[in-house]
Amino acid sequence: VQLQASGGGLVRAGGSLRLSCAASGRTISRYNMGWFRQAPGKEREFVARISWSGSTYYADSVKGRFTISRDNAKNTVYLQMNSLKPEDTAVYYCAAPGNNERSVRGEYDYWGQGTQVTVSS
């Protein structure tokens, strides 16, 4: 499974970005998919997850501002980020589990290369 994340960039506080994660080597329609981020000097943290059925889950820090979605026809997962804050600055990674039960436990097996998001104040 290969995951290609894109859409990062530099944006001012209050702005928006949409990240994309294109998958190949697997049809993602039956799998949960996740987004994570890692800021400089910090551990990687969970951002959002979308289940194979479309249910969504968010970290408290992004709830109400970020929206995860999927387009199974395009084998792609998205992360719409609105009302961005400087503390959202990080490298964002999309991830896929070997099976859905692992993702529920926070365990992912396949990772994209990451895309940098920088929010200026």
Side-chain angles (χ1 to χ4, degrees):
V1 179
Q2 290 79 45
L3 303 173
Q4 181 72 38
S6 61
L10 174 63
V11 64
R12 290 185 177 181
S16 298
L17 283 173
R18 188 176 83 153
L19 306 183
S20 299
C21 175
S24 59
R26 169 197 271 182
T27 300
I28 67 169
S29 61
R30 297 183 179 181
Y31 292 91
N32 302 340
M33 297 290 293
W35 282 98
F36 291 75
R37 67 186 181 187
Q38 186 167 20
K42 295 187 177 181
E43 293 187 354
R44 186 170 59 197
E45 64 174 0
F46 168 79
V47 174
R49 182 177 83 238
I50 185 165
S51 74
W52 64 271
S53 62
S55 299
T56 57
Y57 308 86
Y58 299 94
D60 289 343
S61 59
V62 306
K63 202 172 294 183
R65 300 187 298 120
F66 290 12
T67 303
I68 188 171
S69 61
R70 62 195 303 156
D71 185 336
N72 290 332
K74 295 183 178 180
N75 223 34
T76 299
V77 177
Y78 303 98
L79 185 68
Q80 177 67 44
M81 305 185 296
N82 298 329
S83 302
L84 282 161
K85 305 175 181 180
E87 51 264 43
D88 294 318
T89 294
V91 177
Y92 284 71
Y93 299 90
C94 59
N99 61 64
N100 289 334
E101 289 73 20
R102 286 179 59 77
S103 70
V104 174
R105 297 193 298 267
E107 298 169 352
Y108 289 78
D109 302 284
Y110 306 101
W111 296 85
Q113 86 288 2
T115 185
Q116 177 70 48
V117 172
T118 303
V119 184
S120 63
S121 57

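The basis for the numbers below is simple: all heavy atoms, side chains too, and nothing from hydrogens, waters or symmetry mates.
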Taken to the nearest 0.5 Å, the spacing of Q80 CD from L17 CG works out to 8.5 Å
Roughly how far, to the nearest 0.5 Å, is CG of D88 from CZ of R37? 5.0 Å
Can you find a heavy atom in the side chain of M81 that is under 4.5 Å from one in the side chain of V11? no
If you measure from CZ on R105 to CG on N99, what distance do you get to the nearest 0.5 Å? 7.0 Å
Nearest 0.5 Å please: distance from the CG atom of N75 over to the CG atom of L3. 9.5 Å
Would you check if T67 and Y58 make a side-chain contact, meaning some heavy-atom pair closer than 4.5 Å? yes
Checking F46, W35, F36 against Y108 for ring pair (Phe, Tyr, Trp, His ring centres under 6.0 Å), the one that qualifies is F36
Quiz question: by atom type and distance under 3.5 Å, do the side chains of N82 and S16 form a donor-acceptor pair? yes
Quick one about T27 and S29 (side-chain donor to acceptor, distance below 3.5 Å, no hydrogens or angles considered), yes or no? no
Sequence neighbours left out, what pairs pass disulfide bond (SG atoms under 2.5 Å apart) with at least one residue falling in residues 1-100? C21-C94
Find the distance between CG (N32) and CG (N100) and round it off to the nearest 0.5 Å. 4.0 Å
Taking only Lys NZ, Arg NE, NH1 and NH2, and the carboxylate oxygens of Asp or Glu, determine whether K63 and D60 approach each other closer than 4.0 Å. yes
Do the ring planes of Y93 and W111 sit parallel (below 30°), tilted (30 to 60°) or perpendicular (above 60°)? perpendicular
Return the OH to CD distance between Y92 and Q116, rounded to the nearest 0.5 Å. 9.5 Å
Using the side-chain hydrogen bond (donor to acceptor under 3.5 Å, both in side chains) rule, collect all pairs that involve residues 4-15, keeping only residues at least two apart or in two chains. none
